[in-house]
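Below: one structure, written as structure tokens.
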Amino acid sequence: MSARQVTLAEVAKQAGVSLATASRVLNGSTRQVSEELSDRVLRTAEQLGYVPNASAQALARNSSSLVGLVVHDITDPYFSCIAAGVTRVAEEAGLVVVLGTTGRRPEREVELLSTLRAHRARAVVLAGSRTTDRASQARLAAEIDAFTEQGGRVACVSQAKLGTDTVVPGNRAGGRALARSLAELGHKKFAVLGGPSELVVARDRLAGFKAGLADAGVAPPVVINGAFTRDGGYEAALELLASKSRTTCVFAVTDVMAMGAMAALRERGVRVPEDMSIAGFDDIPTLRDTVPALSTVRLPLEEMGEIAAGLVLDAGGDEARTVRVAGEVVLRASTAHN
């Protein structure tokens, strides 16, 4: 049988103060209490073993020690790396991170932010691509406005489209630089495993890659869209092979898709890079175990999470801040001269 929890009223009675005074001391209200009364209440609470109510504290302070982190898919190493960076900064500040996943559903993103607002979270980091659906973006923007009006702060790791502090990965520039590097290897026939067309990140990486090929005087690539997952890359690669397009080099817009594509090629007896080169984007940690080692565009994912958390926990000014993070082309064994 568990021990009975001591109530705030019992602390107030034992300390000889009003319930309101005890609440101001123990729940962190902004209203001032004299040092003598504060010390008396704190001593009494410790003697009685009183455990403060987190919800009551949040109401009194109009915020809590919670930091929300909303990602599309925590099983994707892209998001787990960003989450590690956010968590590190939040925990160093004595805060607790609460994780929510959207499954890439815009309506779920709005629901999670609304829930965090109800719990008076101090801040929220939204990590993940914006969509081309204007209605969904408008609903999210409205919820962000409601959250900030309550005193919370929001930062994004995505494209700067919501009027918040934002960490912006160099998706378009990274795709362009990668295309130029692959064209320098002598490839002329390219294919792109492009991800869902409604995701801005997929569009940006594809647009950058096309621009890089144009810079090099190479014809536009064959484009096959698929899910932003390992299985999406696998299925897109099978579709590419079935098309008999004579492609010599494949760009998958995420490393996770590239890993699925490599599995499909291996199953069909297509050697990488002898028969077909392949490259990804992100440089997720699990690439260390990929054979052959995957060429990619490296993003400092944990650092991006740290920057986002730093922005959202720093009051700053009224103007939204944008931090742009460049990608770096890393050519490895999965791409070879043609």
Side-chain angles (χ1 to χ4, degrees), residues 1-71 74 80 82-101 111-127 143-155 164-165 302 305-318:
M1 186 174 179
S2 59
R4 185 181 68 83
Q5 189 169 350
V6 176
T7 67
L8 182 64
E10 289 171 319
V11 174
K13 182 178 180 181
Q14 184 72 19
V17 300
S18 68
L19 184 60
T21 296
S23 176
R24 288 171 195 148
V25 173
L26 296 171
N27 291 328
S29 171
T30 55
R31 298 183 66 178
Q32 296 296 311
V33 175
S34 71
E35 185 176 347
E36 186 271 329
L37 285 181
S38 179
D39 289 344
R40 190 195 311 169
V41 171
L42 291 171
R43 280 197 310 271
T44 303
E46 184 177 358
Q47 290 167 0
L48 295 178
Y50 173 74
V51 178
N53 183 294
S55 297
Q57 288 183 328
L59 285 168
R61 299 170 181 168
N62 202 31
S63 72
S64 69
S65 60
L66 301 181
V67 173
L69 172 59
V70 178
V71 302
I74 197 60
S80 57
I82 291 173
V86 172
T87 301
R88 183 179 304 113
V89 172
E91 290 183 347
E92 286 174 357
L95 304 173
V96 177
V97 175
V98 177
L99 176 69
T101 58
E111 291 169 3
L112 288 168
L113 186 54
S114 176
T115 299
L116 289 163
R117 176 163 62 90
H119 285 277
R120 286 178 162 75
R122 180 175 302 188
V124 174
V125 174
L126 302 176
E143 186 57 43
I144 287 172
D145 286 343
F147 186 85
T148 55
E149 285 172 9
Q150 186 175 283
R153 292 182 58 80
V154 176
T164 66
D165 291 338
E302 285 197 29
E306 291 173 350
I307 294 170
L311 288 172
V312 84
L313 296 179
D314 170 25
D318 294 331

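Quick note: residue numbers are just sequence positions, from 1. Note that the coordinates shown come from a computational prediction; the quantities given were computed from them, not determined experimentally. Excluded from the calculations below are hydrogen atoms, water molecules and symmetry mates; all remaining heavy atoms, backbone and side chain alike, are included.
Here the straight-line distance linking atom OG1 of T7 with atom NZ of K13 works out to 10.0 Å at 0.5 Å rounding. If you take CG on L313 and CD on E92, they are separated by 11.0 Å, rounding to the nearest 0.5 Å. Summarising the geometry, atom CD belonging to E143 is positioned 10.5 Å from atom CG belonging to L112; distances are rounded to the nearest 0.5 Å.
Smallest separation of non-hydrogen atoms from T44 and A15: OG1-CB, 3.5 Å. The shortest heavy-atom contact between G305 and V86 is O-CG2, 3.4 Å. Closest approach of A83 and I74 over heavy atoms only: CB-CD1, 4.1 Å.
For Q14, the side chain to side chain donor-acceptor pair (under 3.5 Å) criterion is met by no residue, not counting sequence neighbours. Remark: I144 engages L113, L126, L140, T148, V154, L162, T164 in a side chain to side chain contact (heavy atoms under 4.5 Å, CB included) (not counting sequence neighbours). Residues satisfying the salt bridge (charged side-chain N to carboxylate O under 4.0 Å, His left out) test with E36, not counting sequence neighbours, are R40. Scored by the side chain to side chain donor-acceptor pair (under 3.5 Å) test, R88 finds E302, E306 as partners (sequence neighbours excluded). Looking at residues two or more places apart in sequence or on another chain, you find a side chain to side chain contact (heavy atoms under 4.5 Å, CB included) between A308 and V125, V157, V167. Residues satisfying the salt bridge (charged side-chain N to carboxylate O under 4.0 Å, His left out) test with E91, not counting sequence neighbours, are none. In terms of the side chain to side chain contact (heavy atoms under 4.5 Å, CB included) criterion, residue partners of D314 (sequence neighbours excluded) are, by chain and number, R321. Not counting sequence neighbours, the partners of T21 by the side chain to side chain contact (heavy atoms under 4.5 Å, CB included) test are V17, S18, R24, V33, L37. By the side chain to side chain donor-acceptor pair (under 3.5 Å) test, E35 pairs with no residue at all, sequence neighbours left out. Every residue two or more places apart in sequence or in another chain that forms a salt bridge (charged side-chain N to carboxylate O under 4.0 Å, His left out) with E10 is listed here: R4. Residues satisfying the side chain to side chain donor-acceptor pair (under 3.5 Å) criterion with T115, sequence neighbours excluded, are absent altogether.
The shortest side-chain heavy-atom distance between V11 and V41 falls under the 4.5 Å cut-off. Using a 4.5 Å cut-off on side-chain heavy atoms (C-beta onward), L99 and T87 make no contact. For the pair D165/R153, a side-chain contact is recorded, criterion being any heavy-atom separation below 4.5 Å from C-beta on.
V124 pairs in a side chain to side chain contact (heavy atoms under 4.5 Å, CB included) with only one of the listed residues (V312, V67, L116), which is L116.
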R122 and L66: side-chain contact (heavy atoms from CB on, under 4.5 Å), yes or no, with the steps? CA-CA 6 Å; R122 180 175 302 188; L66 301 181; over 6 Å; no
